[in-house]
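Only heavy atoms go into these numbers, but all of them, side chains included; no hydrogens, no water, no symmetry mates.
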Amino acid sequence: MLTGHRTWVFDQKPVIISTGTVGGPFEAKGALANDFDLLHSDLWLKQDSYEKAHKVLVEEASQKAIEKAGLQKEQVQFFLGGDLINQMTPTSFACRTLGTPYLGLFGACSTSMEGLALGAYLVNTKGANYLLTGASSHNTAVEKQFRYPTEYGGQKPPTAQWTVTGAGVALLSDSGEGPRVTSATIGRVIDMGMTDPFNMGGAMAPAAVDTIEAHLTERNLDPSYYDLIVTGDLGHIGREVSLDLFKKHGTPIREEQYQDCGLMIYREGQPVLSGASGPGCSATVVYGHLLNRMKKGEFKRILVVATGALLSPLSFQQGETIPCIAHAVSIEYGGE
């Protein structure tokens with residue numbers, strides 16, 4: 001199953017038998033609103049804190065995935081997931097409600113594909129029959145922790161990105177119908193010495209390039225093997241930086257083939273500056289929009305590369321640079 005230094009090829013090809021995606025009011029006005037299972041009209045979700053609202057997003061997305069698969073929650077062996085809030089309390093508290101055995105993951109905005117890679121590994125090796133994996137974020141909870149409370153109204157530079165309010169969850173199985181997880185390449189921590197927390201895309205781009213090139217090399221694939229190579233949340237700045245790096249390295253990835261979830265989810269005119277971000281960005285776009293397009297026959301093979309900046313408010317305050325990571329997972333549907 002290990003191919004090269006850090007790539008797994010899954011011979012059993014675990015199946016994504018269902019997904020659940022939930023979003024907030026800003027996502028309801030976005031370009032992909034029709035691909036969500038549930039959209040909320042306010043950020044509070046009838047809770048008395050944004051963190052509790054965040055927890056509800058995870059609960060609802062998980063429940064949707066379970067219901068769509070025709071299962072009971074007691075049939076699910078594990079939940080793998082995480083978020084950006086201190087100690088990942090929204091995800092942990094959601095799993096308190098679900099009652100599913102839980103493995104908490106922190107990969108910042110790379111968590112969606114970290115969870116899918118590890119989940120596929122477990123299912124592929126008969127470690128689980130049914131497994132939930134997902135990631136989430138809440139705009140105002142994240143802004144309060146990493147930047148400024150939204151009430152402060154602080155001005156942001158054009159390199160900044162808008163944190164998605166949403167949760168995306170996939171239900172993996174060793175059998176059934178649906179898109180199949182065929183391989184995963186685990187990222188390395190890449191730190192180019194950047195310190196600006198308002199330019200996550202630029203900081204994460206080298207990590208995305210490193211993982212994509214490692215994946216293609218270790219699987220001995222030409223980029224044209226994939227109908228789409230999509231990053232998690234590089235935004236405009238990070239996407240341009242990564243395209244420049246591919247050109248410099250001689251990696252023949254076509255610009256139209258290379259997209260970013262953070263540039264898909266919102267409409268032109270929504271004030272998101274360089275694009276969307278947050279663990280919920282790639283999770284909702286992939287488990288909603290992209291898998292829907294695969295099921296319609298628009299894509300047979302996609303490579304999803306979720307990107308994450310592994311900083312904390314404390315590390316920033318202590319003057320640390322921003323280490324970044326990217327995990328790649330290939331998903332195939334509609335033929336071998």
Do Ile331 and Met294 have side chains that get closer than 4.5 Å, going by heavy atoms? yes
Looking only at heavy atoms, which two atoms of Ser175 and Ser173 are closest? And how far apart? O-OG, 3.0 Å
Within this structure, what is the OG-CG distance for the pair Ser110 and Leu105, rounded to the nearest 0.5 Å? 9.5 Å
Single-linkage hydrophobic cluster Val305~Leu263, side-chain heavy atoms < 4.5 angstrom: no
Looking at Gln75, I'd like to know if its CD atom is crowded, meaning that more than 12 non-hydrogen atoms belonging to other residues, nucleotides or ligands lie closer than 6.0 Å. yes
Verdict with reasoning, Val286 to Cys261, per side-chain contact (heavy atoms from CB on, under 4.5 Å): CA-CA 8 Å; Val286 173; Cys261 295; 4.2 Å; yes
With sequence neighbours left out, the residues meeting side chain to side chain contact (heavy atoms under 4.5 Å, CB included) with Leu273 are Lys156, Ala160
Atom of Gly187, atom of Ile325 and distance for their closest heavy-atom approach: O-CD1, 3.6 Å
Ring pair (Phe, Tyr, Trp, His ring centres under 6.0 Å): which pairs involve residues 12-35, sequence neighbours left out? Phe26-Trp162, Phe26-Tyr266
Distance, nearest 0.5 Å, that separates CG of Leu311 from CE of Met200: 5.5 Å
Do you know the tightest heavy-atom contact between Cys109 and Ala306? O-CB, 3.8 Å
Run the numbers on Leu228 and Gln259 for side-chain contact (heavy atoms from CB on, under 4.5 Å), then give the verdict. CA-CA 7 Å; Leu228 178 72; Gln259 302 297 326; 3.5 Å; yes
Contacts satisfying salt bridge (charged side-chain N to carboxylate O under 4.0 Å, His left out) that involve residues 201-230 (not counting sequence neighbours) are Arg6-Asp210, Arg188-Asp210
Under 3.5 Å, side chain of Arg267 to main-chain N/O of Gly30, donor-acceptor pair present? yes
Atom pair CD1/OG of Ile253 and Ser242 - distance to nearest 0.5 Å: 8.5 Å
Going by atom types only, do Thr159 and Ser274 share a side-chain donor-acceptor pair under 3.5 Å? no
So side-chain hydrogen bond (donor to acceptor under 3.5 Å, both in side chains) across residues 193-209, not counting sequence neighbours, yields none
By side chain to side chain contact (heavy atoms under 4.5 Å, CB included), which residues pair with Pro25, not counting sequence neighbours? Leu43
For Val22, the hydrophobic cluster (side chain heavy atoms closer than 4.5 Å, chained through members) also holds Leu38, Leu45, Val56, Leu57
Can you name the nearest heavy-atom pair linking Ser277 to Cys281, along with the distance? O-CB, 3.6 Å
More than 12 foreign heavy atoms under 6.0 Å from NZ of Lys295: is that the case here? yes
Thr211 versus Ile190: any side-chain heavy-atom pair under 4.5 Å? no
Could you verify whether a donor N or O on one side chain and an acceptor N or O on the other, from Thr21 and Thr284, lie under 3.5 Å apart? no
Salt bridge (charged side-chain N to carboxylate O under 4.0 Å, His left out) for Lys52 and Asp48? Distances and angles first, verdict last. CA-CA 7 Å; Lys52 290 180 181 178; Asp48 58 10; 3.0 Å; yes
Please say whether more than 12 non-hydrogen atoms of neighbouring residues, nucleotides or ligands are located less than 6.0 Å from CG in Asn34. no
Give me the atom names and distance for the closest heavy-atom approach of Gly20 to Ala65. N-CB, 3.7 Å
Sub-4.5 Å side-chain heavy-atom contact between Val76 and Ile66: yes
Before giving the answer on side-chain contact (heavy atoms from CB on, under 4.5 Å), spell out for Leu2 and Thr7 the whole-Å C-alpha distance, their side-chain angles and the decisive distance to 0.1 Å. CA-CA 6 Å; Leu2 179 64; Thr7 297; 5.9 Å; no
Does a donor on one side chain and an acceptor on the other come within less than 3.5 Å for Thr163 and Asn139? no
Please collect all ring pair (Phe, Tyr, Trp, His ring centres under 6.0 Å) contacts where either partner lies in residues 232-257, sequence neighbours excluded, each pair once. Phe246-Tyr258
Hey, are His138 and Thr140 close enough side-chain-wise for a donor-acceptor pair under 3.5 Å? yes
Mind jotting down which residue pairs meet the ring pair (Phe, Tyr, Trp, His ring centres under 6.0 Å) criterion with at least one end in residues 75-124? Sequence neighbours excluded, please. Trp8-Tyr121
Are side-chain heavy atoms of Val9 and Thr182 found at a separation under 4.5 Å? no
What's the separation between atom CD in Glu255 and atom CD in Gln257, rounded to the nearest 0.5 Å? 11.5 Å
Judged by modelled atom types alone, do Ser137 and Asp83 share a side-chain donor-acceptor pair under 3.5 Å? no
Can you check whether Val169 reaches Thr19 side chain to side chain, under 4.5 Å on heavy atoms? no
Which donor-acceptor pairs under 3.5 Å do side chains of residues 126-136 form with protein atoms, sequence neighbours excluded?
residue : atom : partner : partner atom : Å
Thr133  : OG1  : Leu80   : O            : 3.0
Thr133  : OG1  : Gly115  : O            : 3.3
Ser136  : OG   : His54   : NE2          : 2.9

Listed partners of His215 passing ring-ring contact (aromatic ring centres under 6.0 Å, His included), at least two apart: Tyr226
Side chains of Met1 and Asn124: does their closest heavy-atom pair fall under 4.5 Å? yes
Contact between Leu84 and Pro279 at the side-chain level, heavy atoms closer than 4.5 Å - yes or no? yes
Selection residues 63-79 - residue pairs positive for salt bridge (charged side-chain N to carboxylate O under 4.0 Å, His left out), sequence neighbours left out: Asp37-Lys68
From the list Val15, Ile16, Ile17, side chain to side chain contact (heavy atoms under 4.5 Å, CB included) partner of Leu171 resolves to Ile17
Tyr225 versus Arg301, side-chain donor and acceptor atoms under 3.5 Å: yes
Lys300 vs Glu332, side-chain contact (heavy atoms from CB on, under 4.5 Å): CA-CA, chis, key distance, verdict: CA-CA 5 Å; Lys300 287 187 176 181; Glu332 302 189 17; over 6 Å; no
Answer with yes or no whether the side chains of Glu27 and His40 bring together a donor and an acceptor at under 3.5 Å. no
Answer yes or no: is there a donor N or O on one side and an acceptor on the other, between the side chain of Arg293 and the main chain of Glu298, under 3.5 Å? no
In chain order, what residues pass the side chain to side chain contact (heavy atoms under 4.5 Å, CB included) check against Thr217, with sequence neighbours excluded? none
Closest heavy-atom pair, Pro223 versus Leu216, reported as atoms and distance to 0.1 Å, is CG-CD1, 3.7 Å
How far does CD1 of Ile302 sit from OG of Ser330, to the nearest 0.5 angstrom? 9.5 Å
Just verifying a value: how many Å separate Arg239 CZ and Asp233 CG, rounded to the nearest 0.5 Å? 14.5 Å
In the structure I gave you, are the side-chain heavy atoms of Leu314 and Glu320 within less than 4.5 Å of one another anywhere? no
